[in-house]
Every structure is written in C-alpha cells, then in structure tokens.
Asks: 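Have a look at this one.
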Amino acid sequence: MSTPGPTADPSCPFCEIATTTTTSTSTISPSPQPPYLLLATPTVLAFLDTMPLTPGHVLLIPRAHYGTLSDVPAGLAGVLGMWVAVVARGVCEGVGVRVGGVEGELGDVGGYNIVQNNGKSAAQVVPHVHYHVIPRAPLTTITTSTTSTTTLSTSISRSSLLLGRGPRQDLDDDEATLVLCGQIRRGILRAVRKEFGLGELEGFVVGEKEEKEQKQDGCVGCVVVGREEERRMVARMIKVAML
C-alpha cells in the first residue's frame, strides 16, 4: 500500500466525501454519503457523477488528497489502476454494455471511456485526482445493398466521444437512478468476486443484506472492502502481474 497522503483540503469536495465516509457498514448503510456511493475501501471511493455524461458515469477517487496524477506515489497509482479496472467491469455490467466480443456476456456491444484530467488546462475541475468511467452506447450499423456504415447511436461527435466529452446534465434524484446505482454495485461486487474470489477474503463486506434480500432497486449499503482485504487484493494483483 502507498504511504499516507497529505492532509485533507477543507475546501475540496472530494476530501469532504472521503473524510465523512468510512469502511464501517454501520456508517455507510443504509444512507451512505454521497447518496450514490458504490464502493468504499481504505484507499479509494467510487460514486456516481452528479453531472453525468451518460447514465452510469462514475468517479473513482483516492481518499488521500493529491492534486494531479503526477503527485500520486507509485504504490497508490498501482492500487488506483487495480480499482479502475474493477469499477469499469462493474459499470459495464450495471448498465448492460458489453465491450468487444466477450463470449457469454450479456448486453449490447458498446464501450466506455476512462478519462483522467490533470490541471485546469486539461479540463480538471476538482483539484483532487479522479478517474471518470463513462459507459457509451453501442454504435449503430446501417446496412444497404452496397454499403455498410457505422454511426454513433447518439448526437455526440466522434472527437468528443474519443476524448470522453459530451453534453452533461444533472443526475436525476429518482427511482431510475436508485435502480442504476444498485445494478452497478452488484456489477462491482461480481467483478471483485470473479477477479479475486471470496475464499481468500473472509472479512470482505459485500453488501450481503442487499443481495440476500434480492433488492432490484438496491441502494442498501455499497461494496465495502476492509484494510486487510484490500491488502490481500493488492498482493494478489502484484503476484499475478509478475507471473
């Protein structure tokens, strides 16, 4: 794990979220802060963007306050990379987007952007390192007797799509968002189980109440990982990477 980060910035909205959210289920459930919290570990948090580019637009942040990625210690950068991949899988499953031709997966073939901005000149709005995971709708293929043309299924320009840009709108505080939140949480949970398994993570808190109750609108709790469990995950990640 990385060395402790600098003191939280009292003016930083992400630091406020980090300092008021713990990995105690009694604190997070049933009314987590922010209300659309998806993942909480001692190192990172993931939650829905309040001004999403697309449904399921998620932010992943380190708890420690670092302004840009170049400020982040190498160890923490590695942990962030691990969680970006896990969250991306969970988001795609949650919104029903299948990337590429993965056999056996459900959902339409679409894609997603991973966007990480550094500095005002690069469109960074909150000066606290964060990753955007932005699911994208599938391309639409129009076939005629002589041609086959692939077009965007939305009005977003291709340049905006490639750069992870597009029109934003306020996150709707409604039942549909609660349903989406629950779907992404379950997607993240399944991504963690598939990647790391539960046999090695006996202390892993995974929104069990939500799953046992089969809540389809599930916003009860979120995926929570304790310190020891996260350390085991990182150790396994390093071991696999060195094979």
Asks: Go through the steps to decide whether Tyr36 and Arg185 satisfy the test side-chain contact (heavy atoms from CB on, under 4.5 Å), and finish with yes or no.
Replies: CA-CA 10 Å; Tyr36 300 119; Arg185 284 174 176 165; 5.9 Å; no

Asks: Please find the pair of heavy atoms, one from Ile114 and one from Ala88, that lie closest to each other, and give the distance.
Replies: CD1-CB, 4.3 Å

Asks: Any idea which heavy atoms bring Gly56 and Leu180 closest together, and the distance?
Replies: N-CD2, 3.4 Å

Asks: Is the backbone N or O of Pro135 less than 3.5 Å from a side-chain atom of Thr54, with the two atoms forming a donor-acceptor pair by type?
Replies: yes

Asks: Compare every heavy atom of Pro62 with every heavy atom of Val129, then report the nearest pair and how far apart it is.
Replies: O-CD, 3.1 Å

Asks: Are any non-hydrogen side-chain atoms of Thr43 and Leu76 less than 4.5 angstrom apart?
Replies: yes

Asks: List the steps, then state whether side-chain contact (heavy atoms from CB on, under 4.5 Å) holds for Glu93 with Arg190.
Replies: CA-CA 9 Å; Glu93 179 173 334; Arg190 281 190 283 267; 2.3 Å; yes

Asks: Measure the spacing between CD1 of Ile61 and CG of Leu45 and express it to the nearest 0.5 Å.
Replies: 5.0 Å

Asks: In Å and rounded to the nearest 0.5 Å, what is the CG to CG distance from Leu69 to Asn117?
Replies: 11.0 Å

Asks: Quick one: pull up NE2 in His132 and CG in Leu53 and give me the separation to the nearest 0.5 Å.
Replies: 8.0 Å

Asks: Which residue, Val86, Leu189, Val192, Val87, forms the side chain to side chain contact (heavy atoms under 4.5 Å, CB included) with Leu39?
Replies: Val87

Asks: Run the numbers on Glu195 and Arg89 for side-chain contact (heavy atoms from CB on, under 4.5 Å), then give the verdict.
Replies: CA-CA 10 Å; Glu195 182 72 22; Arg89 295 186 192 114; 3.6 Å; yes

Asks: Within this structure, what is the CE-CZ distance for the pair Met82 and Arg236, rounded to the nearest 0.5 Å?
Replies: 11.5 Å

Asks: Does any part of the side chain of Tyr112, heavy atoms only, come nearer than 4.5 Å to the side chain of Arg136, both counted from C-beta?
Replies: no

Asks: Got a second to check how far Ile188's CD1 is from Leu38's CG, nearest 0.5 Å?
Replies: 5.0 Å

Asks: Would you say that Trp83 contacts Glu230 through its side chain, given a criterion of any heavy-atom pair below 4.5 Å between the two side chains?
Replies: yes

Asks: Given side chains that start at C-beta, do those of Met233 and Thr41 come closer than 4.5 Å, heavy atoms only?
Replies: no

Asks: Can a salt bridge be assigned to the pair Glu228 and Arg232 using a cut-off of 4.0 Å between side-chain N and carboxylate O?
Replies: yes

Asks: Does Asn113 use its side chain to pair, donor to acceptor, with the backbone of Val115 at less than 3.5 Å?
Replies: no

Asks: Passes side-chain contact (heavy atoms from CB on, under 4.5 Å), Leu48 versus Thr177? Steps please.
Replies: CA-CA 9 Å; Leu48 293 182; Thr177 300; 3.9 Å; yes

Asks: I need the minimum non-hydrogen distance between His65 and Pro127, along with the two atoms involved.
Replies: CE1-O, 3.2 Å

Asks: What about His130 and His128, are their ring centers closer than 6.0 Å?
Replies: no

Asks: Looking only at heavy atoms, what is the nearest atom pair of Tyr66 and Asp71, with distance?
Replies: CD2-O, 3.4 Å

Asks: For Thr19 and Ala8, work out which heavy atoms get closest and say how close.
Replies: CG2-CB, 4.0 Å

Asks: Give a yes or no answer on whether the side chain of Arg63 reaches the backbone of Ile17 with a donor-acceptor pair at less than 3.5 Å.
Replies: no

Asks: Between Thr68 and Gln124, is any side-chain donor less than 3.5 angstrom from a side-chain acceptor?
Replies: no

Asks: Just wondering, do Phe47 and Ile184 contact through their side chains at under 4.5 Å, heavy atoms?
Replies: no

